[in-house]
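All values reported here derive from a predicted model rather than from experimental measurement. One-based numbering along the sequence shown.
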Amino acid sequence: MRKSFVITAAVAALVGLLSAGAWLSLSMAMHGFSARAEPSRIERSLAAYARSAAMPASAKALRNPVPSSPDVLREAMVHFADHCAVCHANNGNGQTMFGGGMYPRPPDLRLAKTQDMTDGELFYIVENGIRMSGMPAFGGGGSTDDSWKLVHFIRHLPRLTPAEESQMEALNPKSPDEIREEQEEEQFLNGGDSSAGNAVKHYTKGHNQ
Ligand code: HEC
């Protein structure tokens, strides 16, 4: 009795896997592997289900051990502008060049789908990334405080002010060409000397610094 149940379950799992594989190959054959397409509704719900099932219940229940304060928010804002905005945009809406070419796209972090997650879930995603998506894992470098601070900042995103957004623009990583252009502009406007010191400073900044 027990043995036949195990066999039925194994066959059902195999059939499930084969159908998922067949569906994936068929969809690839029909639509190609371009990341420019939008994920279909089935893919989105399968991915959301898999992610929620794979998230340990203990992670969901974690509380943010770092108290929020203006300094903590400021630090996390600088961090987000440097490490996250390239895909998520400074205001979290995900409308960036990189984000637009990803499959799946980075979601708008200000909306309920993200904001309804627990602090523990957001922390777990920042620390561990999301497999088979462009979302990298940022943990593993020792202290987890930076990721908890980022959780506070993600909560702050729906209330980000235009002034904060423009402060972030100044902190976004820049290509050597952009740095040169800015220097030239500055020199032109000042009619004199300018230094690249500020513009390149954030290149040397690591996640845990
Ligand atoms: C290289 C691009 C990239 C970078 C850099 C990046 N992300 Fe992401 N992120 C993504 C993508 C793509 C997703 C969507 C993944 C998915 O839906 O499976 C995502 C998803 C997320 C989510 C889950 C949101 C949700 O509603 O599902 C959070 C939270 C998040 N990112 C936070 C961050 C933070 C904080 C940083 C910086 C420390 C960061 N990301 C850096 C690409 C990126």
Side-chain angles (χ1 to χ4, degrees), residues 35 62 64-111 113-115 117 119-187 189 194-209:
L62 285 176
N64 198 333
V66 181
S68 183
S69 72
D71 280 350
V72 161
L73 273 183
R74 163 85 203 158
E75 205 185 308
M77 182 177 98
V78 172
H79 196 163
F80 193 94
D82 197 22
H83 283 64
C84 320
V86 62
C87 294
H88 286 286
N90 288 326
N91 63 13
N93 72 5
Q95 309 283 318
T96 59
M97 186 180 78
F98 281 5
M102 292 189 143
Y103 189 102
R105 317 247 185 275
D108 188 333
L109 299 176
R110 302 168 302 182
L111 300 183
K113 186 183 152 280
T114 305
Q115 296 294 328
M117 282 195 241
D119 283 357
E121 280 174 288
L122 294 174
F123 169 77
Y124 191 85
I125 288 174
V126 177
E127 280 279 303
N128 300 294
I130 301 173
R131 199 179 281 194
M132 286 191 276
S133 88
M135 174 59 194
F138 288 92
S143 164
T144 54
D145 281 7
D146 281 344
S147 301
W148 283 117
K149 289 176 189 173
L150 282 166
V151 170
H152 282 307
F153 185 70
I154 294 170
R155 297 282 183 224
H156 177 70
L157 277 172
R159 283 169 285 122
L160 193 78
T161 64
E164 286 170 324
E165 206 175 326
S166 51
Q167 283 170 27
M168 289 174 84
E169 272 161 33
L171 297 160
N172 291 147
K174 293 189 177 61
S175 70
D177 275 351
E178 282 170 315
I179 294 175
R180 207 172 312 124
E181 234 170 75
E182 268 181 19
Q183 272 179 300
E184 279 166 11
E185 237 169 68
E186 218 174 295
Q187 264 169 351
L189 292 172
S194 79
S195 121
N198 282 341
V200 272
K201 214 168 31 194
H202 55 259
Y203 270 122
T204 55
K205 239 164 167 245
H207 178 77
N208 286 307
Q209 283 170 349

Determine, stepwise, if the pair Arg155 / Asp119 fulfils salt bridge (Lys or Arg N to Asp or Glu O under 4.0 Å).
-> CA-CA 9 Å; Arg155 297 282 183 224; Asp119 283 357; 2.8 Å; yes
Check step by step if side chain to side chain contact (heavy atoms under 4.5 Å, CB included) holds for Phe123 and Thr144.
-> CA-CA 9 Å; Phe123 169 77; Thr144 54; 3.7 Å; yes
Working for side chain to side chain contact (heavy atoms under 4.5 Å, CB included), residues Leu160 and Met168 | CA-CA 11 Å; Leu160 193 78; Met168 289 174 84; 4.2 Å; yes
Kindly determine whether Arg180 and Glu184 satisfy side chain to side chain contact (heavy atoms under 4.5 Å, CB included), including the steps that lead there.
-> CA-CA 6 Å; Arg180 207 172 312 124; Glu184 279 166 11; 3.9 Å; yes
Between Phe153 and Val72, does a side chain to side chain contact (heavy atoms under 4.5 Å, CB included) hold up when you go through it step by step?
-> CA-CA 9 Å; Phe153 185 70; Val72 161; over 6 Å; no
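Side-chain N or O atoms of Gln95 include none that pairs as donor or acceptor with a backbone N or O of Ala89 at under 3.5 Å. The backbone N or O of Asp108 sits nowhere less than 3.5 Å from a side-chain atom of Asn93 that would complete a donor-acceptor pair. Within the 3.5 Å criterion, the main-chain N or O of Thr161 finds a donor-acceptor partner in the side chain of Glu164. Remark: the backbone N or O of Asn64 is not paired with any side-chain donor or acceptor of His152 at under 3.5 angstrom.
Within the 4.5 Å cutoff, side-chain heavy atoms of Met102 are placed close to those of Cys87. The shortest side-chain heavy-atom distance between Thr114 and Leu122 falls under the 4.5 Å cut-off. Side-chain contact between Leu62 and Trp148 is present, with heavy atoms from C-beta onward closer than 4.5 Å. Looking at Asp146 and Glu75, their side chains come closer than 4.5 Å, going by heavy atoms from C-beta outward. Between Thr96 and His88, every side-chain heavy-atom pair lies at or beyond the 4.5 Å cut-off. Looking at heavy atoms from C-beta onward, Met97 lies out of side-chain contact with Val86 at the 4.5 angstrom threshold. No side-chain heavy atom of Glu127 sits less than 4.5 Å from a side-chain heavy atom of Phe138.
Note that CD1 of Ile154 is 8.0 Å distant from CD of Gln115, once rounded to the nearest 0.5 Å. A distance of 4.0 Å separates CD of Glu178 from OG of Ser175, quoted to the nearest 0.5 Å. With rounding to the nearest 0.5 angstrom, the CG atom of Leu73 is 4.0 Å from the OG atom of Ser68. Separating the OG atom in Ser147 from the CD1 atom in Ile125 is a distance of 12.0 Å, to the nearest 0.5 Å. The line from CG of Asp71 to NZ of Lys149 is 9.5 Å long, rounded to the nearest 0.5 Å.
Listed by chain and number, the residues in a side-chain contact (heavy atoms from CB on, under 4.5 Å) with Gln167 are Arg74, Met77 (sequence neighbours excluded).
For the residue pair Ala81 and Leu171, the shortest heavy atom distance occurs at CB-CB, 3.8 Å. The heavy-atom pair separating Pro158 from Arg110 by the smallest distance is CG-O, 3.9 Å.
With 3.5 Å as the limit, one finds no donor-acceptor pair spanning the side chains of Asn172 and Asp82.
More than 12 heavy atoms of other residues, nucleotides or ligands shown are found within 6.0 angstrom of OH on Tyr103.
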